Amino acid sequence: MGRWRRRSWLRAHAGFVARFIPAQQESRLGFPHRQRSAALRTGDARQMQAWALLEQLLAAHWNVRQDRQGGQAAGVPHFVPAGPPPQLAELILRPRHGGADAALPLRPAADAFALHGGQELQPLTPDIYDVYVQASHRQVQGEPRRVRVGRRDWTGHRFYATVNGYLSLDARPRDGQAVA
């Protein structure tokens with residue numbers, strides 16, 4: 001966007017904020033609306049751009065890949081953001097049949113994030129879990145984003161691709177075994 005257009009956009013939206021969002025109501029807005037409103041109210045184009053970039057980073061889609069060794073799938077899945085990587089990320093496992101989400105920290109691994117090890121999956125209650133990643137950057141936490149996956153089997157874990165192309169985890173016992 002050119003400089004003239006950016007200034008015009010900022011003035012138009014600042015007028016909207018001034019007219020429809022009283023300053024005393026601004027504190028009741030959630031992220032990112034409160035931050036945008038404050039930046040528009042002060043006419044701070046740089047702050048608006050910084051918030052827009054942060055929003056894009058936190059809202060990025062996540063994909064999963066599994067490293068290969070000798071043509072075979074090996075190791076734990078790596079969670080890859082569709083854009084620049086955030087500072088922190090955690091895996092959110094949401095049970096399909098109710099109950100609390102499980103949050104597992106992810107460690108940075110080159111251009112992706114990975115679990116610290118399979119042991120972290122052991123305490124899950126038997127259920128099928130939908131897999132999300134929640135990114136955090138500069139102490140701002142994004143919403144959990146569902147992880148996309150190709151149609152393939154995940155060796156060594158009980159992750160699988162749903163018919164809609166998302167990653168899920170089957171933590172139901174198999175023949176008396178715990179989650180591997």
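Note that the numbering runs from 1 along the sequence shown for the chain. Predicted, not measured: the structure shown is a model, and the values here were computed from it.
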Subject >> Listed partners of Glu55 passing salt bridge (Lys or Arg N to Asp or Glu O under 4.0 Å), at least two apart >> reply: Arg36
**OP:** Please name all residues satisfying salt bridge (Lys or Arg N to Asp or Glu O under 4.0 Å) with Asp44, sequence neighbours left out, ordered by chain then number.
**Re:** none
Subject >> Leu54 and Val140, any side-chain heavy atoms less than 4.5 Å apart >> reply: yes
**OP:** If a pair satisfies ring-ring contact (aromatic ring centres under 6.0 Å, His included) and one of its residues is in residues 32-54, list it, with sequence neighbours excluded.
**Re:** Phe31-Trp51
Original post:
How would you list, by chain and number, every residue that makes a side chain to side chain contact (heavy atoms under 4.5 Å, CB included) with Ala102, sequence neighbours excluded?
Top reply: Leu93, Leu124
**OP:** Please report the shortest heavy-atom distance between Leu29 and Arg34, naming the atom on each side.
**Re:** O-NH1, 2.7 Å
Subject >> Interatomic spacing from OG in Ser37 to CZ in Phe16 - rounded to 0.5 Å >> reply: 9.5 Å
Original post:
Do you know the tightest heavy-atom contact between Pro105 and Glu90?
Top reply: CA-CB, 4.1 Å
Original post:
Partners of Ala18 by side chain to side chain contact (heavy atoms under 4.5 Å, CB included), sequence neighbours excluded?
Top reply: none
Subject >> For Val149 against Ala161, the heavy-atom pair lying closest together >> reply: CG1-CB, 3.3 Å
Original post:
Listed by chain and number, what are the side chain to side chain donor-acceptor pair (under 3.5 Å) partners of Asp111, not counting sequence neighbours?
Top reply: Arg65
Original post:
Do other residues, nucleotides or ligands put more than 12 heavy atoms under 6.0 Å from the CD atom of Gln24?
Top reply: yes
Original post:
Side chains of Leu106 and Phe79: does their closest heavy-atom pair fall under 4.5 Å?
Top reply: yes
Subject >> Residues forming a salt bridge (Lys or Arg N to Asp or Glu O under 4.0 Å) with Arg41, sequence neighbours excluded >> reply: Glu26
Subject >> Smallest separation among heavy atoms of Gln35 and Gly30, with atom names >> reply: OE1-O, 4.2 Å
**OP:** Please tell me if the side chains of Leu115 and Leu104 come closer than 4.5 Å, counting only heavy atoms from C-beta onward.
**Re:** yes
Original post:
In chain order, what residues pass the side chain to side chain contact (heavy atoms under 4.5 Å, CB included) check against His13, with sequence neighbours excluded?
Top reply: Trp9, Leu40
Original post:
Leu10 versus Met48: any side-chain heavy-atom pair under 4.5 Å?
Top reply: yes
Original post:
For Leu88, what residues pass the side chain to side chain contact (heavy atoms under 4.5 Å, CB included) criterion, not counting sequence neighbours?
Top reply: Ser136
**OP:** Check the pair Asp170 / Tyr160 against side-chain contact (heavy atoms from CB on, under 4.5 Å), numbers first and verdict last.
**Re:** CA-CA 8 Å; Asp170 187 349; Tyr160 67 93; 4.1 Å; yes
**OP:** Could you grab the distance from atom CZ of Phe159 to atom CG of Leu169, nearest 0.5 Å is fine?
**Re:** 5.0 Å
Using residues 126-134 as the side-chain source, report each donor-acceptor pair under 3.5 Å to any protein atom, sequence neighbours left out, with the distance given to one decimal.
{"from": "Asp127", "atom 1": "OD1", "to": "His97", "atom 2": "ND1", "distance (Å)": "2.6"}
{"from": "Asp127", "atom 1": "OD2", "to": "His97", "atom 2": "N", "distance (Å)": "3.3"}
{"from": "Tyr129", "atom 1": "OH", "to": "Thr125", "atom 2": "N", "distance (Å)": "3.2"}
{"from": "Tyr129", "atom 1": "OH", "to": "Thr125", "atom 2": "O", "distance (Å)": "2.8"}
{"from": "Tyr129", "atom 1": "OH", "to": "Thr125", "atom 2": "OG1", "distance (Å)": "2.9"}
{"from": "Asp130", "atom 1": "OD1", "to": "Arg96", "atom 2": "NE", "distance (Å)": "2.9"}
{"from": "Asp130", "atom 1": "OD1", "to": "Arg96", "atom 2": "NH2", "distance (Å)": "2.9"}
{"from": "Asp130", "atom 1": "OD1", "to": "Arg146", "atom 2": "NH2", "distance (Å)": "2.9"}
{"from": "Asp130", "atom 1": "OD1", "to": "Ser168", "atom 2": "OG", "distance (Å)": "2.9"}
{"from": "Asp130", "atom 1": "OD2", "to": "Arg96", "atom 2": "NE", "distance (Å)": "3.4"}
{"from": "Gln134", "atom 1": "NE2", "to": "Gly142", "atom 2": "O", "distance (Å)": "2.8"}

Original post:
Counting heavy atoms not belonging to Arg138, are there more than 12 under 6.0 Å from its CZ?
Top reply: no
Subject >> Minimal non-hydrogen separation, Trp62 against Ala135, with atom names >> reply: CZ2-CB, 4.1 Å
Original post:
Same cluster or not: are Ile92 and Val147 linked, directly or through other Ile, Leu, Val, Met, Phe, Trp or Tyr residues, by side-chain heavy atoms under 4.5 angstrom apart?
Top reply: no
Subject >> Nearest heavy-atom neighbours spanning Ala114 and Ala109 >> reply: CB-CB, 4.4 Å
**OP:** State which residues pass side chain to side chain donor-acceptor pair (under 3.5 Å) with Arg28; sequence neighbours excluded, sorted by chain then number.
**Re:** Gln25
**OP:** Begin from the C-alpha positions of Leu58 and His137 and carry the test side-chain contact (heavy atoms from CB on, under 4.5 Å) through to its verdict.
**Re:** CA-CA 7 Å; Leu58 295 176; His137 196 80; 4.1 Å; yes
